Every structure is written in structure tokens, then in C-alpha cells.
**Q** 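Sharing a structure below in C-alpha cells format, with a few things to ask.
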Amino acid sequence: MTLFALIDCNNFYVSCERIFRPDLLKKPVAVLSNNDGCFISRSNEVKALGIPMGAPLFKYKYLIDQHNVTVFSANFAFYGDISSRIMHLISEIVPACEVYSIDEVFVDLTDVDSPKDTAHHIRQQVLKCVGIPTCVGVGPTQTFAKVANYLAKKRSVYNGVCILEDPQDIEEALKNLPIKEIWGIGRRLSLRLKQVGINTAYDLKKVDPRWMRQHFTVVGERLVQELNGLSCLSLEEQPEPKKSIQVSRSFANDVTEFDELRANLASYATRLGVKLREQGLKTTTLIIYIKTNRFKEGFYQASQVVNLPQAVNDDANLIKACGKALEQIFKPNLLYKKAGIMALELLPASAEQYSLFKEDKISSNKTEKLSEALDKINKKYGRGTIHSAACGIQLTWKDRKEFKSLSYTTSWSELPIVYAR
DNA sequence: TCTGGGGTCCTAGGACCC
DNA sequence: TCTGGGGTCCTAGGACCC
């Protein structure tokens with residue numbers, strides 16, 4: 001029988017800021033994203049005000065002023081440094097661990113004599129040595145460790161450590177756990193599950209895994225197995241090399257100049273180069289993308305993949321490839337050649353341009369019609385009009401697929417289970 | 001007026017191959 | 001005009017995570 005623990009830092013970014021501002025303990029504190037756009041970390045006091053995670057600042061400005069909330073702009077380099085101190089400390093206490101995210105770590109307690117004492121010891125050490133409060137959840141699978149952690153955070157009776165080992169405790173906990181709190185079930189899945197009468201973790205546990213696979217893919221099946229105590233996920237002690245690396249930013253204002261877009265991309269390319277070299281990696285594939293403001297009507301995005309003849313990690317080559325990709329996106333000839341579905345996706349357009357084009361496309365799929373539509377657009381708006389709210393670059397590696405696709409002529413439900421990890 | 005950034009995995013479907 | 005089986009690779013998009 002396996003036993004896992006999940007150590008999760010409480011309100012991590014806020015707690016980091018409080019290390020150097022002990023006067024802010026028990027006071028409302030929040031950390032904001034790029035451009036001071038959204039809340040990305042909230043103290044308990046701020047949560048109690050009803051400000052949701054990811055909410056935009058402007059909607060809650062009045063609460064911030066009214067309750068004298070201290071806000072910080074995010075400082076990710078600093079948070080990363082605190083994180084590695086914590087991870088190092090924990091790795092010296094336990095036999096094996098997997099760093100899951102900047103503020104979470106799974107540890108293997110299978111062969112540890114007293115899991116409960118160890119959990120409390122970890123909590124105390126992290127608080128004493130680094131100054132960050134944590135909660136610990138313990139259970140027979142990683143999914144259960146997550147559940148236990150959720151309870152440890154939610155209910156003060158646990159004193160920061162919740163252990164789910166006894167079958168009766170587990171059943172009780174699952175019956176009271178809403179489906180959306182399960183690790184791996186987000187907004188969409190929980191909606192679909194509710195529609196078929198699955199409302200709690202306990203309901204999900206009772207579902208036939210094969211049925212789950214048919215209707216909710218292998219991901220759903222794995223969830224059911226984990227809730228039945230069958231560990232499908234194991235500890236990954238050695239972090240795998242990254243499969244993709246990304247640099248992207250939202251702009252504070254709409255960008256309408258091509259040159260401005262290109263300049264931004266070039267600076268992202270440079271940052272990307274640094275990341276690549278730091279990790280000792282090279283890339284053969286580069287993807288750039290642009291997106292219009294997703295909160296405005298006619299949201300539209302475009303992307304372009306560039307396959308490089310050889311693996312690179314130097315700034316000059318990355319910038320060159322970005323420029324090439326950007327020009328591809330905005331190249332009218334390409335648009336005519338690819339008239340059809342693809343045309344939609346490569347059209348650089350404002351919301352207005354986009355909808356005009358779409359109307360014409362629906363009336364006819366013929367290339368001539370599309371050309372006509374384009375001419376109309378060009379006459380009305382001129383070529384090269386750009387409205388962009390965000391852009392970025394992503395690098396991926398060609399061999400990123402671990403499993404070959406299984407033949408689609410074979411009946412899907414009869415295939416043997418293949419776990420991804 | 002103002003709405004984050006960086007990842008992973010899985011599936012469907014088209015192009016293409018023998 | 002009808003018409004197999006088995007496969008790979010690639011792209012796009014959906015869903016999730018912190």
C-alpha cells in the first residue's frame with residue numbers, strides 16, 4: 001500500500017511578500033499579475049472580502065481602497081528563490097519527493113515509520129527556516145493526498161495536517177466533497193458529470209471505469225481508479241526536460257503597428273534564448289501567436305509554426321525565425337493560396353474585418369469569392385491593420401509525443417489501459 | 001479605460017504511406 | 001463506380017493544472 005503526502009504553501013505569493021513585511025501578517029494582502037491586471041494570490045483576509053482568484057483589479061478597486069488592502073506587483077524571481085529553498089529543505093527530510101509546482105510538492109511516505117509526525121515536522125521546519133505557512137494532506141494515492149490537503153486547508157480542526165488512511169474516514173470525506181474539488185476536474189467536466197447525476201467524489205468513485213473511459217476518455221478513467229485507491233500516478237523524482245517553453249505578455253493597450261509587434265517579439269525571442277540556454281536545450285520548432293482582446297467581440301487569434309533546419313538556441317536565429325513567422329501570418333498571398341478553412345485562421349484582422357470575411361465565406365467556399373471578400377476588406381480597411389492584445393512565442397520539440405497513436409480502426413473501448421505516467 | 005503567464009495531456013481528423 | 005487494413009505524422013483545439 002502506497003502512501004503519499006502533498007505539502008502545499010498557503011497563499012504562496014502573499015506569504016513570500018510577508019516574509020519581509022511581518023507587519024502585514026493578519027492584514028489583507030494581494031499580489032497582482034503583469035500590468036497589475038489580475039489578482040493571482042490573496043491572503044485569507046482578501047478571500048473573505050469575496051475577491052475571486054484571477055479577478056481583474058478594476059472591478060474590485062473600491063474594496064481595495066475601502067479595506068486598505070496592500071497590493072504587490074508579482075516578483076516571480078523572488079518567489080522562485082523561496083520555492084527552491086523550501087523544496088531543498090523538504091528533500092532532506094523525506095526519502096523521495098516530486099516538485100509539482102512552485103508551491104506544491106508530493107512526497108512518498110510509504111515506508112516512513114510515523115507519517116503523521118513527519119507531516120507535522122515538515123510543516124514546522126518550513127515555517128521556522130523559510131517563514132512560509134503550509135498545509136499537508138496524506139493519502140494512499142496522489143489524488144487522495146490532494147483531497148486531504150484541501151480538507152487540511154478548509155478545516156482548522158486538522159491543525160494543518162489531514163491524514164486519510166482509514167477507509168471509513170475516506171468514505172466520509174468523499175461523500176462531502178463536491179465533484180469540482182477533485183484534482184483534474186475543472187469547470188467543464190464537473191458540469192457534464194453533474195448532468196449525469198454525479199455530484200460528489202463518492203458518486204464518481206462508484207462509476208464503472210470502462211463507462212468512464214468511453215464517455216470521459218482515459219483521463220476520466222484514471223480519476224475513478226485513483227479514487228478507488230489504485231495508484232495510477234507515481235512520483236517523478238527527476239524532473240523531465242521541458243517539452244515546451246513559452247514567453248508571452250498581454251499589452252497594456254491595443255497594439256496596432258506591425259513594427260511594434262515585431263519589436264516585442266524580438267525581445268521575447270531574446271528572453272526565450274536565455275531560458276533555452278539555461279536549461280541546456282535547443283529547439284527545432286518555433287510557434288508564434290497573436291491574440292486580440294478576448295473580452296472584446298470578435299475575438300480572434302492566429303499562429304504560425306516554423307520548423308528550423310537545425311536545432312538552435314542563439315538569439316540571432318530565434319529572432320530571425322520570429323520575423324519570418326510574423327511575416328507569414330501577415331502575408332496576403334498565403335491567404336489566397338489557402339482559401340478555405342485555413343484562410344480564416346491566418347487572416348490578420350480586427351474584429352470588424354474578421355466578421356466581414358466570415359460572412360462572405362459562409363455564402364460560398366470558392367476561392368474567387370474569398371478573393372472578392374478580401375478585396376473588399378482591403379479596400380475598406382487597407383492591408384496590414386493589426387489589433388493585438390497579446391502575443392508570444394512558444395518552442396516545442398518534435399519528439400514530444402511519448403505514445404504513438406493507436407489505430408482508430410480498432411474499437412476504442414476494448415484497448416488495454418495505457419497510463420501516461 | 002483597465003481582464004496573467006506558463007505549462008501538460010488527450011483526441012479528432014486530414015494528408016500521406018504501403 | 002465501388003472499394004481494405006493498418007499505420008505515421010501533423011495540426012488544431014479542448015480541457016486541465018498552478
Side-chain angles (χ1 to χ4, degrees), chain A residues 6 8-9 11-13 31-41 52-61 73-74 76 79-80 83 99-105 142-143 146 149 180 182-193 213-223 233 236 239-254 268 271-272 275 285 287 289 291-296 299 301-305 307 338 340-342 344-346 389-410 412 418-421:
Chain A
L6 173 68
D8 190 323
C9 301
N11 314 330
F12 184 56
Y13 300 160
V31 173
L32 301 170
S33 64
N34 178 42
N35 297 332
D36 288 347
C38 293
F39 292 89
I40 54 171
S41 183
M53 179 67 171
L57 173 63
F58 72 89
K59 277 192 185 169
Y60 293 92
K61 195 79 175 59
S73 297
F76 292 105
Y79 309 147
S83 172
V99 176
Y100 178 70
S101 75
I102 193 164
D103 68 337
E104 284 170 285
V105 52
Q142 284 178 299
T143 301
K146 273 272 189 183
N149 194 286
K180 69 171 194 314
I182 300 170
W183 186 32
I185 295 188
R187 216 166 45 86
R188 303 275 179 161
L189 275 184
S190 68
L191 259 176
R192 281 178 60 204
L193 286 167
R213 189 189 182 109
Q214 268 177 27
H215 294 89
F216 292 88
T217 78
V218 65
V219 180
E221 182 187 28
R222 224 178 277 151
L223 281 169
L233 308 166
E236 298 269 332
E240 300 279 314
K242 288 267 185 289
K243 292 173 181 173
S244 70
I245 298 178
Q246 194 177 155
V247 175
S248 67
R249 289 287 177 279
S250 300
F251 302 124
N253 305 300
D254 277 2
Y268 298 173
R271 222 172 316 167
L272 208 47
K275 284 191 181 186
T285 307
I287 304 164
Y289 63 84
K291 297 178 182 192
T292 60
N293 188 330
R294 67 193 158 105
F295 295 96
K296 286 185 184 163
F299 167 74
Q301 58 184 324
S303 64
Q304 178 68 45
V305 182
N307 288 308
K338 296 199 172 185
I341 296 290
M342 286 302 288
L344 258 182
E345 282 151 13
L346 291 173
C391 74
I393 314 165
Q394 188 180 1
L395 303 178
T396 68
W397 284 259
K398 279 210 152 174
D399 56 348
R400 65 186 187 278
K401 280 191 183 166
E402 240 180 295
F403 294 101
K404 303 288 179 198
S405 65
L406 298 162
S407 168
Y408 44 78
T409 47
T410 311
W412 176 229
V418 182
Y419 293 115
R421 295 171 67 178

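Computed from a predicted structure; not experimentally measured. Each chain gets a letter, A, B and so on, in the order its sequence line appears, and its residues count up from 1. Below, each value reflects all heavy atoms present in this structure, side chains not excepted, and no hydrogens, waters or symmetry copies.
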**Q** A:V219 has a side chain; which of B:dG5, B:dC10, B:dT8 sits nearest to it?
**A** B:dC10
**Q** Which part of the nucleic acid, if any, lies within reach of A:D36 when heavy atoms closer than 4.0 Å are counted: base, sugar-phosphate only, or nothing?
**A** nothing
**Q** Does A:S250 make a side-chain N or O approach to OP1 or OP2 of B:dT3 shorter than 4.0 Å?
**A** no
**Q** Sticking with atom P, work out how far B:dT3 lies from C:dC18, rounded to a whole angstrom.
**A** 25 Å
**Q** Does A:K275 or A:Y13 map to a spot on DNA chain B nearer the 5' end, using the closest nucleotide for each?
**A** A:Y13
**Q** Between A:S83 (side chain) and A:I102 (backbone), is there a donor-acceptor pair under 3.5 Å?
**A** yes
**Q** Treating A:T217 as the side-chain partner and A:R213 as the backbone partner, does any N or O pair qualify as donor plus acceptor under 3.5 Å?
**A** no
**Q** Measure from the side chain of A:V218, starting at C-beta and using heavy atoms only, and say which of B:dC10, C:dC17, B:dG4 lies closest.
**A** B:dC10
**Q** Using Watson-Crick or G-U wobble geometry with both distances under 3.5 Å, which nucleotide pairs with B:dA12?
**A** C:dT11
**Q** Quick one: which of B:dT8, B:dG5, B:dT3 gets closest to the side chain of A:S244?
**A** B:dT8
**Q** Under a 3.5 Å distance rule, please check whether A:N34 uses its side chain to pair with a backbone N or O of A:R249 as donor and acceptor.
**A** no
**Q** Between A:R249 (CZ) and B:dC2 (P), how many Å, whole number?
**A** 19 Å
**Q** On the nucleotide B:dC9, are OP1 or OP2 found under 4.0 Å from the side-chain N or O atoms that A:K243 carries?
**A** yes
**Q** Among C:dC18, B:dG6, B:dC9, find the nucleotide with the atom closest to the side chain of A:R222.
**A** B:dC9
**Q** Which nucleotide in the set C:dC16, B:dG7, B:dC10 lies at the smallest distance from any side-chain heavy atom of A:T217?
**A** B:dC10
**Q** Can you tell me which nucleotide in B:dT8, C:dC17, C:dA15 comes closest to the side chain of A:R188?
**A** C:dA15
**Q** What is the minimum heavy-atom distance between A:W183 and A:L233, and which atoms define it?
**A** CZ3-CD1, 3.7 Å
**Q** Check the phosphate of C:dC18 against A:K146, side-chain N and O only, distance under 4.0 Å to OP1 or OP2. Yes or no?
**A** yes
**Q** With the side chain of A:F58 defined as its heavy atoms from C-beta on, choose the nearest nucleotide among B:dC9, B:dC2, C:dC16.
**A** B:dC2
**Q** Tell me what A:L191 touches on the nucleic acid: a base, only sugar-phosphate, or nothing, going by heavy atoms under 4.0 Å.
**A** nothing
**Q** Parallel, tilted or perpendicular: which one describes the rings of A:Y13 and A:Y79, with boundaries at 30° and 60°?
**A** parallel
**Q** For A:I102, answer base if it contacts any base atom (sugar-phosphate contacts may also be present), sugar-phosphate if it contacts only those atoms, and nothing otherwise; contact means non-hydrogen atoms under 4.0 Å.
**A** nothing
**Q** Rounded to whole angstrom units, what separation is found between the CG atom of A:L272 and the C1' atom of B:dG6?
**A** 12 Å
**Q** Using whole Å, report how far CG of A:N35 lies from P of B:dT3.
**A** 7 Å
**Q** Closest to the A:C38 side chain: C:dC18, B:dG5, B:dG4?
**A** B:dG4
**Q** I'd like to know if the side chain of A:S33 and the backbone of A:C38 have a donor-acceptor N/O pair within less than 3.5 Å.
**A** yes
**Q** What is the separation between atom CD1 on A:I287 and atom C1' on C:dG13, rounded to the nearest whole Å?
**A** 13 Å
**Q** For the pair made of CG in A:L6 and C1' in C:dC17, what is the distance, rounded to whole Å?
**A** 13 Å
**Q** Figure out the CZ/P separation between A:F216 and B:dA12, and round it to whole Å.
**A** 14 Å
**Q** Are A:R192 and C:dA15 close enough that a side-chain N or O sits under 4.0 Å from OP1 or OP2?
**A** no
**Q** Expressed in angstrom and rounded to an integer, what is the separation of A:I40 atom CD1 from B:dG4 atom C1'?
**A** 7 Å
**Q** Checking A:N149 side chain against A:L6 main chain: does a donor-acceptor pair fall under 3.5 Å?
**A** yes
**Q** Measure the distance from CG on A:L233 to P on B:dC9 and round it to the nearest whole Å.
**A** 12 Å
**Q** Is A:L189 touching bases, backbone alone, or none of the nucleic acid, heavy atoms closer than 4.0 Å?
**A** sugar-phosphate
**Q** For a quick check of understanding: with a heavy-atom distance under 4.0 Å over all strands, which category does A:K180 fall into, base, sugar-phosphate or nothing?
**A** nothing
